[in-house]
Amino acid sequence: MKQTIEKLLNQAIDQLIADSMIETKPALQITRTKDAAHGDFTCNVAMMLAKQAGKSPRDVAQIIIDTLDTNESIIKIEIAGPGFINFFLAQENTLSIIKNILDKGDTFGQSDAGKKEKIQIEFVSANPTGPLHVGHGRGAAYGATLASLMRAVGFDVDCEYYVNDAGRQMNILATSIWLRYLQENAVDIPFPSNGYKSEEYIYDIARSLKQKYKDNFVRTAETVMRDIPADEAEGGDKEIHIDALIDRAKSLLGNEDYQTIFKAGLDTIIEDIRQDLEEFGVHYEHWYSEQSLADRDLINAAVKQLQDAGHIYEEKGALWFRSTDFGDEKDRVVIRDNGQGTYFASDIAYHLDKFDRGYNRVINIWGADHHGYVPRVKAALTALGKDESKLDILLVQFANLYRHGERVQMSTRSGSFVTLRELRKEVGTDAARFFYVMRKCEQHMDFDLDLAKSQSNDNPVYYIQYAHARICSVLAQLSEKQFNHDSENGFRHLNLLTEKHETDLISKLDAYADILHKAAFNADPHLLVHYLRELATLLHSYYNAHQFIIDDANGRDARFNLISATKQILNNGLTLLGVSAPIKM
RNA sequence: GCGCCCGUAGCUCAGCUGGAUAGAGUACAGGCCUCCGAAGCCUGUGGUCGGUGGUUCGAAUCCACUCGGGCGCACCA
């Protein structure tokens, strides 16, 4: 319908140009009206043309209307306000949406606008050093929802988790596990202040190692601690202390045993994260190992490629990438003076590989604290001859946690954090998924745990689910009262749906596909959330104002078609958000 | 100091590729169940859209400056 209006307007404006009243044609903006009193669609073109036409906007609007061809679907055209041209459509036009929804069912709203373009979305990618906490939950919910939305509009989406299984943190983890293992084997040994100290899962992993490998990895406290620099608690440096312990663990255990412990930690935690996310309705096509980049020599290859292109120089024993040539604020080290690659070097190789794997577009969802990292990754891709505009880095702001009115500090290392699993258990997966995508991603979010837990019934998710359950309930009542729902008869009598509540609901249903499209293309799941809330509101109001189970079969069937269509849209929308659409609650 | 994000109703937030009287939830005040689920509905109170200047027929929306708040500026990951 929008296309029809656009076509008509274009013809009219071409005519005005032919009449040399105006010279240039502006981009037409035809939008759905917010207020039904303004008709169904509106266009502001008259105001845009007023100046070059040398007439008032309303006069221009009148000329355009006079020039417009007639169309049987348009029953009225009005000039309103400063010069809006409002289009009123024939009722049959909007009523057709009901049949359309019921015919298409679960697939209603879907489109092929994405043209099967191959997209990768990488998100969460938290270090595998512990369970996910609530901060990761926002990225998880946002990424998974975005993937659903994009698939619904026809993109071919893969979700990926980048597993940071290389680097110092992982060594600290492995060493922490080993030390707890020693303690489990009655070795009296101090625990580093900088290690994974109070985490329960470290003990669990240590205990299962003991069960499986008995005392194979036991060394005396003396051997372990000999000549180790003092920890912070004894006036030393905690970083030097723990690095020395890592080296000691490697040398005393030998590579194979050290790797056994390392792997035990990594695998246990990754499996825990994977399961946690699955339960949260977040599924990945790929779990991509950082270590595998080194194993396949891709990091060196990437650095070499940069080097060959002349973007690398040596200084103070390290290799630097001249990222300032590509807009970064300073150059970055890729190979340290000790010969080891930096995390950034891995990331260059990783992103290069994403493109080499054939994705047309790559989306990274990062925590906002990584925003300073964006220019250097884009710089590297440009330097490597890739089109950096095909990499979208979406920054998700933090969800600040509040408990008893106070900010909860979240740190894996300090051991005081709320896990995603705990949150799911307390507020439920539906509410958690919904809550996280209610706000647009660049909005800072305050997450009051007490409110989420104690008043979870106030969560808007229940309001929407209730609308769905309510319709299901009415449908059930219908058969209990020995009525049938004859939808064909309903379609024949949709013109009985003339109440304000009904026309409002119908035009809201009509807007669903547009909202879905916009939410997917703008990466704004919250648009869908707000839409569903508005739809639920209209349904609840309608329910309170009118009876659905009425004696007049024609009106009854028509109303049941309408609420069935509403139920379908509620279901489709909630499903995309990863939230259930319950029949009963 | 430099950079990114955010300042809209008491609180939590929509609206931001410029459009018609700035919206919702919550809180507060009142009303609605012999009738399909009251986890609901209806009515009302509540705003210098942080501030100043600019662009425009038109600015919460764009631009500049400015004041608040958050985050980041490693040979850590």
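Predicted, not measured: the structure shown is a model, and the values here were computed from it. First the proteins, then the strands, lettered A, B, ... as listed; each starts at 1.
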Residues passing the side-chain contact (heavy atoms from CB on, under 4.5 Å) test with A:Lys76, sequence neighbours excluded, are A:Glu78, A:Phe88
Pairs in or reaching into residues 323-343 of chain A: which pass ring-ring contact (aromatic ring centres under 6.0 Å, His included), with residues at least two apart or in two chains? A:His311-A:Phe326
A:Lys330: which residues meet the side-chain contact (heavy atoms from CB on, under 4.5 Å) condition with it, sequence neighbours left out? A:Arg332
Distance-only criterion, 3.5 Å: show the donor-acceptor pairs between side-chain atoms of residues 314-321 of chain A and protein atoms not counting sequence neighbours.
residue, atom, partner, partner atom, Å
A:Trp320, NE1, A:Glu315, O, 3.1

Results of side-chain contact (heavy atoms from CB on, under 4.5 Å) for A:Asp243 - residues two or more places apart only: A:Arg168, A:Ile246
Those residues that, when tested against A:Asp514, pass salt bridge (Lys or Arg N to Asp or Glu O under 4.0 Å) (two or more places apart): A:Arg32
If you look only at pairs with a residue in residues 534-547 of chain A, which of them pass as a salt bridge (Lys or Arg N to Asp or Glu O under 4.0 Å), with sequence neighbours excluded? A:Lys508-A:Glu534
All pairs passing side-chain hydrogen bond (donor to acceptor under 3.5 Å, both in side chains) where residues 475-486 of chain A contributes a residue, at least two apart: A:His485-A:Asn561
Could you run down the sub-3.5 Å N/O contacts of the protein with nucleotides 43-46 of chain B?
none

Once side-chain contact (heavy atoms from CB on, under 4.5 Å) is applied, do any residues pair with A:His546, and if so which ones, sequence neighbours excluded? A:Glu499, A:His501, A:Tyr542, A:Arg559
Here the helical stems involving RNA chain B, each at least 3 consecutive Watson-Crick or G-U pairs closer than 3.5 Å, sorted by first residue number, are B:1-7 with B:67-73, B:10-13 with B:23-26, B:28-32 with B:40-44, B:50-54 with B:62-66
When every nucleotide of nucleotides 33-40 of chain B is labelled 5' to 3' by its protein contacts under 4.0 Å (heavy atoms), B for base, S for sugar-phosphate only, - for none, what sequence of letters results? --SBBSBB
